[in-house]
Number of protein chains: 2
Amino acid sequence: MDRRASGGVEDPLARFELTFLLGMGFQLLLNEFSRRLAEAGYAELRPVHGMAFQALRGHGATSSELAERLGVTKQAAGQLVKELEQRGYVRREAHPAGGRRRLVVLTDAAVRHLEVAGGILRELEAEAAQRAGRDDLDALRGELARLIHGMTGEALPPLRPVW
Amino acid sequence: MDRRASGGVEDPLARFELTFLLGMGFQLLLNEFSRRLAEAGYAELRPVHGMAFQALRGHGATSSELAERLGVTKQAAGQLVKELEQRGYVRREAHPAGGRRRLVVLTDAAVRHLEVAGGILRELEAEAAQRAGRDDLDALRGELARLIHGMTGEALPPLRPVW
DNA sequence: CCCCGCGAGTAAAGATGCTTTACTAGCGAA
DNA sequence: TTCGCTAGTAAAGCATCTTTACTCGCGGGG
């Protein structure tokens, strides 16, 4: 049986613009992600915190570098770091290059969070694959990747927590 | 030539979770949409205003109905309506059902905005289709529609302007 | 008939999470 | 030594939402 509406009732989603479809899909996945993350004990962390962890994973970064990667001002990044430090998710160490620089690095708690968050994201993707079929989901990923590359070239855009 | 990386350098996007890919694609399209809309003289309107126009198109609605469709409180919706009324995008008429109800309806200016915005969205989609191929883009639309239906059933989720 | 309660709408204050403006601190180079 | 660059911080401003608390109009039960 064909999944596409052929002669039956037209899918109302077919009338929506691509941008809306992307937005709806994103919002649905993200809401469910946040729900499960809160259930897992991370209700205090918003998506932007997870983005910060992503940006800091590996060798850490200065607050200003973090700001650039997140696409916000360095003041906003500084405040984020302060909160995360108070909650024990990052440490601020002496920066090898000296100056006023401080290197912000993840603690084990943040690394654990990244693992849990990643697990939930993969779980969501697996559930979608079960409904839509693994092949279709891989195709979706490929087409999204091409769309993104077509709009940005090689550089990856920052993912900001607001419209 | 195969588009998928087969033996060459792996696409860094292949490492990202589906949720991130959706978010990036959405944000890229939306940013470009906002840019062009501002260029077309609508710099004063944010995406949420366009969403409100969508929700009101046809027969209009009360502020409370609008609030529900946008997924915000009725106070927030009321403020939105006040702004839009001052700028001449909506009118508030007597509601046939009486009571305190006021029917919020679109003016011609709002209808024109919807046309311009729709044109830009279709333009963006056409450009993406030119890069990726019309078939691929249709496939993307179909897969997004299935993803959304898989998560919501028939009901369509509100599209809120924040994470 | 009256009041009572409900839903629509409004008003004001509060919360949040950014940006803007404006400063201080360390370092290297002219 | 002073100039200027960059990192970081502090405080205020601002946009946009929610919460709390009311007022208005109507219809129904006593």
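Quick note: numbers below take in every heavy atom, side chains included, and nothing from hydrogens, waters or symmetry partners. Convention: sequence-line order gives letters A, B, ...; per-chain numbering from 1.
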* To do: Go through Glu83(B) and His49(B) one step at a time and tell me if the side chain to side chain contact (heavy atoms under 4.5 Å, CB included) criterion holds.
  => CA-CA 10 Å; Glu83(B) 288 171 24; His49(B) 296 123; 3.3 Å; yes
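Comparing dG17(C), dT18(D), dG8(D) by their nearest atom to the side chain of Arg46(A) picks out dG17(C). For Arg100(A), whose side chain is taken as the heavy atoms from C-beta onward, the closest listed nucleotide among dC18(C), dG9(C), dT24(C) is dT24(C). Side-chain atoms of Val48(A) lie closest to dC18(C) of the nucleotides dT18(D), dC18(C), dT10(C). Of the candidate nucleotides dG9(C), dT19(C), dC17(D), dT19(C) has the atom lying nearest to any side-chain atom of Thr73(A). The listed nucleotides are dT18(D), dT16(D), dG8(D); the one nearest the side chain of Ala76(B) is dT18(D). Listed nucleotides dG9(C), dA11(C), dT9(D) differ in distance to Gln75(B); the shortest reach to its side chain belongs to dA11(C).
Between the P atom of dG8(D) and the CD atom of Glu93(A) lies a distance of 14 Å, rounded to the nearest Å. Rounded to whole Å, the distance from CG on Leu70(A) to P on dT19(C) is 10 Å. When rounded to the nearest whole Å, the span between CG of Leu103(A) and P of dG26(C) equals 18 Å. The interatomic distance linking Lys74(B) (NZ) with dC6(C) (P) rounds to 13 Å, in whole Å. Taking atom CG of Leu80(B) as the reference point, atom C1' of dC17(D) lies 11 Å away to the nearest angstrom. Atom NE2 in His95(B) sits roughly 10 Å away from atom C1' in dA8(C) (whole-Å rounding). Straight-line distance from the CD atom of Gln79(A) to the C1' atom of dG13(D): 14 Å, rounded to whole Å. For the pair Glu68(B) CD and dG7(C) C1', the computed distance is 13 Å after rounding to whole Å.
Relative ring orientation between Tyr89(B) and His113(B) is described as perpendicular, the plane-to-plane angle rising above 60° on a 0-90° scale split at 30° and 60°.
Note on Arg92(B): a side-chain N or O is less than 4.0 Å away from OP1 or OP2 of dT10(C). Taking 4.0 angstrom as the limit, Arg102(A) places none of its side-chain polar atoms (N or O) nearer than this to OP1 or OP2 of dA25(C). OP1 or OP2 of dT6(D) has not a single side-chain nitrogen or oxygen of Ser64(A) nearer than 4.0 Å.
With respect to the salt-bridge test (charged N to carboxylate O, under 4.0 angstrom), the residues Glu125(B) and Arg122(B) do not qualify. Salt-bridge check for Arg134(A) with Asp138(A): passed, with a basic side-chain N closer than 4.0 Å to an acidic carboxylate O.
Where Ala97(B) and Lys82(A) meet DNA chain D, the nucleotide closest to each residue was compared, and Lys82(A) sits on the side nearer the 5' end.
In this structure, Gly99(B) reaches the sugar-phosphate backbone alone: every heavy-atom distance under 4.0 Å involves primed, P, OP1 or OP2 atoms, never a base.
Scanning for side chain to side chain donor-acceptor pair (under 3.5 Å) contacts around Glu68(A) gives an empty result, with sequence neighbours left out.
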